[in-house]
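Notes follow the structure.
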Amino acid sequence: MRELSHRRRMLVLAICCMSLLLVSLDNTVLNVALPSIRSDLHASVSGMQWTIDAYTLVLAALLMLSGSTADRVGRKRTFQTGLVIFTLGSGLCSLAPNLETLVLFRMVQAIGGSMLNPVAMSIITNVFTEPRERARAIGAWGGVVGISMAAGPIVGGLLVESVGWRSIFWINLPVGLAALLLTARYVPESRAPRPRRADPVGQLLVIAVLGTLTYAIIEAPDRGWDSPLIATCAGIAALGLLTLIRYERRRAEPLIDVRFFHSAPFSGATVVAVCAFAALGGYLFMNTLYLQDVRGLNALHAGLWMLPMAFMCFVCAPLSGRLVGARGPRPSMLVAGVAITASGVLFAVFDVQASDAGLLIGYVLFGLGFGMVNAPITNTAVSGMPRSQAGVAAAVASTSRQVGQSLGVAVIGAVLAAGAASAAAGGMGHAASAAAAASFVDAARPAWWIIAACGAVILLLGLVTTGQWAERTTRHAAALFEEGKPTGQTSANAKAP
C-alpha cells in the first residue's frame, strides 16, 4: 500500500472512528433504555442481560474470524460488508415485536459489528506506521468511546422519553450509510501478504465456550447453581476451552495463534481488556438499574447523571494516547488501575451512592480510569507484531473487550438477581421503597468488590507487563512469526491443515 498524505490519513482515521461511534453509541444508548424495554416487552433481569450479551457474545465469537477474513479477502471490503449488516440489523431491532426477536436481531447487528472495530483498527495500524503517530491515532480512536459514553445516555434518554425505546436504533441508520459512502471513496484496500486458511473447528469451539459459559452465569440465579442444565453448560465450557487450546496449538494456521501470547505485554493487554470492559459492562448495567429503579429517575435524568463519567473518559482517552506515545503504556495503566479500584472501593465500603456528591466522585473516578486504559490496550496489542498479523492481533484485543463486557453484565446481573430479587427484578418502578433501595445497595456491594478487583488486576499487570523483560518477550513473539514456526508443533506436523 502506498504512503498516504497526512490529510488522507486523517480522513481514514475519521471514517474508522465513525464505525466505533456507531457500535459504542448503540451500547450506551441501549443501557439507558433497558428499563423501558423491560416494561414494554415484560422482560426479567436475565432478559435485560440477554439484550446486551446476545450482541457481545456473537461479537466476541466472530471477531477473530472477521479479523483473519479481512486480512485474507481485503480489509476495506470486509469493513463495508460489516457496515451494511450492522445498519440492517439496527433497522430490524427497531421493529422487534417481543424480547426473543429483539435478541435475535441484536445477534444480526453483532455479525456486522464483528467486521467493524477490529478491521477498522487493522486499517489504522496499516495507515499509521510511525509509532508515535499511531499511538496518537489510537488515542483519538479511544476518545470516540468517551464521546459515545457522553452522547449515548443523553441522546438515548431524549429518544426514550420523547419517542420510545425503538428510536434508539434509528440513529444508527444515517451514521452507517454515511460511513459506507465515505469508506468507498477514501479508505484504501489492504490485506495480508499471505492469507491464512479458515479454521471452522476452532470457530465452533469458541462459540461453544463463550455461549455455554455466559448462559450458565446468566440463568443460574433463576434455575439454581445445582441445576443439571447449568452444570452441563459449565462442563461444556470447561471441556471446550481445553479442547480449543489443544487443537489450536496443533494447527499450522489457527484461529487463535498462541504465538501472540508469548509476548507478556500482549497477554497482559488481553487480560486488562477483559477486566476493564467487565468493569464497564457491570458498571453501566448496575447504575442504569440504580438510577432509574432506586432513585426513580427517568431515562434522560439517568443519562445526565452518567455525564461526568463520560466526560472524564472523553478527556482522558486522547491524553492517554499521547502519554502512551511519549512514555509507553505503564503510566496510563497504573492510573487506570488505581482509579477503577478506588471507585469500586468507595461504593463497596463507604456507600457513596447515598449522597449526590459521593455518587459524582465515584463516577468521575471510574471515567478517569476507563478513559486511561483503552489506548494502552490497543497500542500494546498491535505494537511489536508483524504488520501482516495486524488484523488478527487487533481482533484478539477486541475479542477480549467483548468477552469482558459479556462476563461483566452476566456476573453483575447474576449477583444482583441472586441477592436482591425484589429490588432488581422489576416492579420497583418510581415508587421504590426505602427498604427496597437498601436491599439493592446491599446486593450491589459484592458487585462493587468485583469491579474493584478488576481495577487491582489492571494495576498489577501495568507493573508486571511493561518493563524491559516484557519488551524482550514481545521481540521473541515477533521472531516466532518471522520464522514461521507455529508454537506447539513439531517438524512432523508443521504442515497440518
Could you tell me if the ring centre of Tyr283 sits under 6.0 Å from that of Phe370? no
Euclidean distance, [Y] [atom2] relative to [X] [atom1], rounded to 0.5 Å:
| X | Y | atom1 | atom2 | result |
| --- | --- | --- | --- | --- |
| Leu255 | Leu65 | CG | CG | 6.5 Å |
| Phe440 | Met286 | CZ | CE | 7.0 Å |
| Leu83 | Asn172 | CG | CG | 11.0 Å |
| Leu59 | Gln109 | CG | CD | 10.0 Å |
| Glu161 | His301 | CD | NE2 | 8.0 Å |
| Asn374 | Cys313 | CG | SG | 7.0 Å |

Measure across [X] and [Y] and return the closest heavy-atom pair with its distance rounded to 0.1 Å.
| X | Y | result |
| --- | --- | --- |
| Val409 | Gln49 | O-NE2, 3.1 Å |
| Phe105 | Leu92 | CD1-O, 3.1 Å |
| Val209 | Gly240 | CG2-C, 3.4 Å |
| Ala279 | Cys454 | CB-CB, 4.2 Å |
| Phe277 | Arg401 | CB-O, 3.2 Å |
| Ala273 | Ile377 | CA-CD1, 3.6 Å |

[X] vs [Y] side-chain heavy atoms within contact, under 4.5 Å:
| X | Y | answer |
| --- | --- | --- |
| Asp356 | Leu360 | no |
| Trp165 | Leu159 | no |
| Ile340 | Ile451 | yes |
| Gln402 | Leu63 | yes |
| Val271 | Cys275 | yes |
| Leu365 | Met312 | no |
| Leu407 | Leu213 | yes |
| Ile37 | Leu30 | yes |

Donor-acceptor contact present, side-chain [X] to main-chain [Y], <3.5 Å:
| X | Y | value |
| --- | --- | --- |
| Thr341 | Ala456 | yes |
| Arg223 | Leu229 | no |
| Ser66 | Leu62 | yes |
| Thr466 | Gly462 | yes |
| Ser114 | Ile111 | yes |
| Ser167 | Gly164 | yes |
| Ser267 | Phe261 | yes |
| Tyr290 | Gln353 | yes |
| Thr101 | Asn98 | yes |

Residue from Leu239, Leu242, Thr243 passing side-chain contact (heavy atoms from CB on, under 4.5 Å) with Leu205: Thr243
Test: Asp53 and Arg106 ion pair at under 4.0 Å: no
Give a yes or no on this: more than 12 heavy atoms of other residues, nucleotides or ligands lie within 6.0 Å of atom CZ of Arg166. yes
Within 45° of the six-membered ring axis of Trp305 and under 6.0 Å from that ring's centre, is NZ or CZ of Arg295 located there? yes
Set out, in order, the CA-CA distance, both residues' side-chain angles and the distance that settles side chain to side chain contact (heavy atoms under 4.5 Å, CB included) for Phe260 and Thr270, then state yes or no. CA-CA 10 Å; Phe260 284 119; Thr270 301; over 6 Å; no
Which of parallel (below 30°), tilted (30 to 60°) and perpendicular (above 60°) describes Tyr55 and Phe86? perpendicular
List the steps, then state whether side chain to side chain contact (heavy atoms under 4.5 Å, CB included) holds for Met309 with Val364. CA-CA 5 Å; Met309 177 175 61; Val364 166; over 6 Å; no
Going by atom types alone, do Trp50 and Glu100 pair a side-chain donor with an acceptor below 3.5 Å? no
Test side chain to side chain contact (heavy atoms under 4.5 Å, CB included) on Asp26 and Ile171 and set out the steps. CA-CA 9 Å; Asp26 184 77; Ile171 59 177; over 6 Å; no
Is there a side chain to side chain contact (heavy atoms under 4.5 Å, CB included) between Leu416 and Val45 once you walk through the steps? CA-CA 9 Å; Leu416 291 175; Val45 168; 5.6 Å; no
With Phe347 as reference, evaluate Phe366, Trp448, Trp449 under the ring pair (Phe, Tyr, Trp, His ring centres under 6.0 Å) test and give the passing residue. Trp448
